[in-house]
Amino acid sequence: MTKKDIINLLETIATYMELSLENPFKVSAYRKAAAAIERDPRALSEIEDFSEMKGIGKGVNDVITEYVETGRSSILDDLKETVPVSLVQMLKLPTLGPKKIAKLHKELGVVTLEGLKAECVAGNVSELSGFGKKTEDNISKAIDELLTRPETYPIEKIQTFRKIIEASLDEITGIDRYDIAGSARRYKEMSKDLDFIVQTTDAHSVAEALVNLPFVKDVVARGERKLSVVIAHDLDQIGVDIRFVTAEAYHTTLHHFTGSKEHNVKMRQIAKSRGEKVSEYGVEKEGELLTFESESDFFSHFDLPYIAPTMRETGEETDIEVSDIVTLDDIRGDLHMHTVYSDGAHSVREMVEACIDKGYDYMIITDHSKSLRVANGLDEDRLWQQIEEIKKIRPEYPGIDIYTGTEMDILKDGSLDFSEDMLKELDYVIAAIHSSFQQTEDEIMHRLRSACENPYVRHIAHPTGRLIGGRAGYAVDFEKLIQMSKDTRTVMEVNANPRRLDLSSSVIRNSGLMLTVNTDAHHTQHLEFMEYGTATLQKGLIEKHQVINTFSREDFREWVKKGK
DNA sequence: GCCGTTTTCGGCCCGACTGTTTTCAGTCG
């Protein structure tokens with residue numbers, strides 16, 4: 001039993017209640033309770049009384065207590081008696097909500113997606129009051145799409161879509177300015193769709209230009225202020241919402257459609273408590289509509305510091321001190337990158353010059369070690385050769401500290417790819433798992449422990465091995481890993497590659513870990529991935545002092561020299 | 001179901017758009 005199990009239980013109950021047309025505020029109470037538990041930094045064993053949390057009262061506390069003690073929930077069991085599990089799936093169909101689903105279930109007896117599809121084809125859905133031919137077609141189409149199209153896309157793909165759309169927005173006349181909004185602006189790991197805010201005085205013709213773009217496959221909604229389309233690229237399709245806005249409302253609209261939903265709710269509650277009202281058009285105060293020159297101004301109206309989009313998630317970001325949260329500008333060096341010695345695309349010298357262009361004070365060359373043959377890992381001889389090369393070119397680049405290093409494999413049995421005699425010759429050692437991902441949690445944790453306990457290993461790269469929207473990664477016990485990291489003073493990496501973002505923001509949040517954020521660049525262009533890494537740190541509400549590559553040149557030099 | 005310097009009832013964030021309706025319910029973000 002973990003906190004996650006309790007959160008899942010409360011959210012499942014909320015969904016089932018929604019489908020049984022329970023009071024929406026009651027449904028919302030269960031969701032808020034789940035969110036309160038998720039926000040709480042304590043482990044399950046440390047929580048004595050759930051009802052002390054704001055948002056959890058006697059009712060939900062009883063549900064949790066029953067579940068913790070018996071592993072069951074009578075409320076959920078009762079709900080499952082009346083609501084078929086497959087109705088939950090129907091909530092994923094756009095345009096279908098609990099009320100319509102309940103009606104379809106009650107009137108037509110549908111319990112599965114296939115059954116609903118059949119009723120659409122037979123024309124029975126359009127016979128129901130409140131339903132028409134168009135609704136029937138939309139449901140039918142949505143079922144087909146649900147079965148063929150992924151629900152969400154990983155951040156890397158989202159950014160590809162983003163660039164395609166932005167290239168077109170740059171070309172359309174009548175657009176005064178635009179910005180990405182929504183979860184993509186918040187650098188969420190997975191997003192369902194893309195949102196853009198477009199400032200224009202001629203929404204009609206801009207919308208017309210947009211719907212005629214060659215990659216626009218479908219127009220879902222088209223009003224005066226909003227356009228929803230589906231775009232296609234390669235084999236992927238994704239929804240795009242575009243809001244048309246005047247100059248005055250630009251920043252409040254951008255804020256509104258950046259979300260998250262929870263953040264917006266929180267902002268509106270804050271406004272309401274002051275007798276004001278927030279909408280995308282501005283802040284209504286004593287009958288007057290205030291607008292702002294920037295999002296910063298909007299926040300400061302509520303006596304809040306600027307809260308970066310990446311942090312706008314749960315609503316708690318308005319309650320905490322955000323001024324110490326790490327930003328991209330705080331990063332002074334990149335501690336994990338590859339060269340042509342292993343599987344990188346550039347020479348040591350090219351990587352050095354690229355890091356100088358980034359304005360870094362220090363960098364570490366960390367090619368793969370010998371066991372990683374697919375990546376042309378370095379044996380001792382070639383590593384020595386690289387050490388000599390780095391020593392030789394250092395005097396040419398006084399503006400940056402170039403450290404020697406390795407990304408050493410942690411082998412299947414927990415042994416390390418280089419001996420301590422070799423490691424002591426390096427300035428900096430990273431350890432990482434690149435093989436035998438299918439091992440048990442005990443075996444994986446044994447390998448990680450062995451690396452952490454080595455006196456020369458300073459940080460663990462991409463600690464879970466996951467790929468976002470791809471493979472899950474190997475079996476890591478996070479509680480143990482965090483303790484291990486602290487006990488051995490071994491830093492954990494947030495790998496900034498947008499396919500990885502490993503550790504993830506949810507793992508580092510409230511962890512108290514010492515971290516480092518690195519691009520793992522295999523190409524000079526990959527050094528730009530740092531923005532994804534710092535976005536992940538911000539989502540984890542990580543402060544500057546927790547990230548070793550925010551250290552000044554001198555402090556970092558000292559930190560490297562001192563060792564563990 | 002939760003909450004309370006309007007405190008044990010009556011609120012709970014706000015607006016756009018669609019489709020079906022003929023003034024608005026449902027859904028979405």
Discussion item. What's the gap between dG11(B) and dA16(B) when it is taken at their C1' atoms, as a whole Å value?
Written reply: 24 Å
Worksheet item: Is the side chain of Thr252(A) donor-acceptor paired with the backbone N or O of Glu280(A) at a distance under 3.5 Å, no angle test?
Response: yes
Worksheet item: Nearest-Å distance, CG (Leu104(A)) to P (dA25(B))?
Response: 19 Å
Worksheet item: Please give, in whole Å, the distance from dC2(B) P to Phe50(A) CZ?
Response: 14 Å
Worksheet entry | Of Asn264(A) and Glu224(A), the one whose closest DNA chain B nucleotide lies more 5' | Asn264(A)
Fill in: Sugar-phosphate only, base, or nothing, as touched by Lys277(A) at under 4.0 Å among non-hydrogen atoms
sugar-phosphate
Fill in: Between dC14(B) and dC9(B) - C1' atom distance, rounded Å
24 Å
Worksheet item: Does Lys261(A) place a side-chain N or O at less than 4.0 Å from the phosphate oxygens OP1/OP2 of dC14(B)?
Response: no
Worksheet item: Counting side-chain heavy atoms from C-beta on, which of dG15(B), dG4(B), dC17(B) comes nearest to Lys226(A)?
Response: dC17(B)
Worksheet item: Distance between the C1' atoms of dT23(B) and dC17(B), in whole angstroms?
Response: 16 Å
Response to the item:
Which of dC17(B), dT27(B), dG4(B) is nearest the side chain of Lys99(A)? It is dT27(B)
Worksheet item: Within this structure, what is the CZ-to-P distance between Phe244(A) and dA16(B), rounded to whole angstrom?
Response: 15 Å
Worksheet entry | Partner nucleotide of dT8(B) by Watson-Crick or wobble geometry (both distances under 3.5 Å) | none
Item to complete: Give Leu93(A) one of three labels, base, sugar-phosphate or nothing, depending on what nucleic acid heavy atoms sit under 4.0 Å from its own.
Response: sugar-phosphate
Practice prompt. Look at the side-chain N and O atoms of Asn138(A) and state whether any lies under 4.0 Å from the OP1 or OP2 oxygen of dT18(B).
Written response: no
Worksheet item: Which nucleotide in the set dG15(B), dC14(B), dG1(B) lies at the smallest distance from any side-chain heavy atom of Lys272(A)?
Response: dC14(B)
Worksheet entry | Interface with DNA chain B, restricted to residues 191-206 of chain A and to heavy atoms under 4.0 Å | Lys192(A), Asp193(A)
Practice prompt. Verify, without hydrogens or angle tests, whether Glu317(A) (side chain) and Gly315(A) (backbone) share a donor-acceptor contact under 3.5 angstrom.
Written response: yes
Worksheet item: Is Lys32(A) near enough to dC12(B) that one of its side-chain N or O atoms lies under 4.0 angstrom from OP1 or OP2?
Response: no
Worksheet entry | Length of the NZ-C1' vector between Lys134(A) and dA25(B), whole Å | 18 Å
Worksheet entry | Per Ala221(A) side chain, nearest of listed nucleotides dT20(B), dA16(B), dT18(B) | dT18(B)
Worksheet item: With distance as the sole test, does Gln546(A) use its side chain to make a donor-acceptor pair with the main-chain N or O of Leu513(A) at under 3.5 Å?
Response: yes
Discussion item. Counting only side-chain heavy atoms from C-beta out, which of dG29(B), dG4(B), dC28(B) sits nearest to His256(A)?
Written reply: dG29(B)
Worksheet item: Asp62(A) side chain to Gly59(A) main-chain N or O, any donor-acceptor pair under 3.5 Å?
Response: no
Discussion item. Let's see if you get this right: which residues in residues 21-28 of chain A place a heavy atom under 4.0 Å from DNA chain B?
Written reply: Asn23(A), Phe25(A), Lys26(A)
Discussion item. Please report the distance, rounded to the nearest Å, between CZ in Arg274(A) and P in dT6(B).
Written reply: 15 Å
Worksheet item: Mind checking the P distance from dT20(B) to dG26(B)? Whole angstroms is fine.
Response: 14 Å
Worksheet item: Quantified in whole Å, what is the P atom distance between nucleotide dG10(B) and nucleotide dG15(B)?
Response: 25 Å
Worksheet item: More than 12 foreign heavy atoms under 6.0 Å from CD of Gln525(A): is that the case here?
Response: no
Worksheet item: When rounded to the nearest Å, what value does the distance between P atoms of dT6(B) and dC12(B) take?
Response: 15 Å
Fill in: Distance in angstrom units between Arg243(A) CZ and dC17(B) P, rounded
7 Å
Worksheet item: Are Lys133(A) and Glu136(A) close enough for a salt bridge, meaning some N to O gap below 4.0 Å?
Response: yes
Practice prompt. Evaluate the salt bridge (charged side-chain N to carboxylate O under 4.0 Å, His left out) criterion for residues Arg185(A) and Glu295(A): first the C-alpha distance (whole Å), next the side-chain angles of each, then the deciding distance (0.1 Å), finally the verdict.
Written response: CA-CA 14 Å; Arg185(A) 183 167 181 241; Glu295(A) 282 186 324; 2.8 Å; yes
Worksheet item: Is it true that atom NZ of Lys157(A) has more than 12 heavy atoms of other residues, nucleotides or ligands lying nearer than 6.0 Å?
Response: no
Practice prompt. Would you mind telling me which residue lines up with the more 5' stretch of DNA chain B, Glu136(A) or Pro98(A), judged by nearest nucleotide?
Written response: Glu136(A)
Worksheet item: From dC28(B), dG26(B), dG29(B), pick the nucleotide closest to the side chain of Pro94(A)?
Response: dC28(B)
Worksheet item: Looking at Lys100(A), does any N or O in its side chain come under 4.0 Å of the phosphate oxygens OP1/OP2 on dG26(B)?
Response: no
Fill in: Side chain of Ala29(A) - closest among dA16(B), dC2(B), dG26(B)
dC2(B)
Worksheet entry | N or O in side chain of Tyr30(A) less than 4.0 angstrom from dC2(B) OP1/OP2 | no
Discussion item. Could you check whether any side-chain N or O of Arg312(A) sits under 3.5 Å from a backbone N or O of Arg186(A), counting only pairs where one atom can act as donor and the other as acceptor?
Written reply: no
Discussion item. I need the NZ-P distance between Lys103(A) and dA25(B), as an integer number of Å.
Written reply: 13 Å
Worksheet entry | side chain to side chain contact (heavy atoms under 4.5 Å, CB included) evaluation trace for Tyr250(A) with Asp179(A) | CA-CA 10 Å; Tyr250(A) 191 82; Asp179(A) 266 300; 2.9 Å; yes
Worksheet entry | ring pair (Phe, Tyr, Trp, His ring centres under 6.0 Å) between Phe298(A) and His255(A), worked out | CA-CA 9 Å; Phe298(A) 168 77; His255(A) 173 268; 4.4 Å; yes
Discussion item. Within the supplied structure, the quantity of interest is the number of heavy atoms (other residues, nucleotides, ligands) at a distance under 6.0 Å from Arg72(A) CZ; does it exceed 12?
Written reply: no
Worksheet item: Can you check the Glu284(A) CD to dG15(B) P distance for me, whole Å?
Response: 8 Å
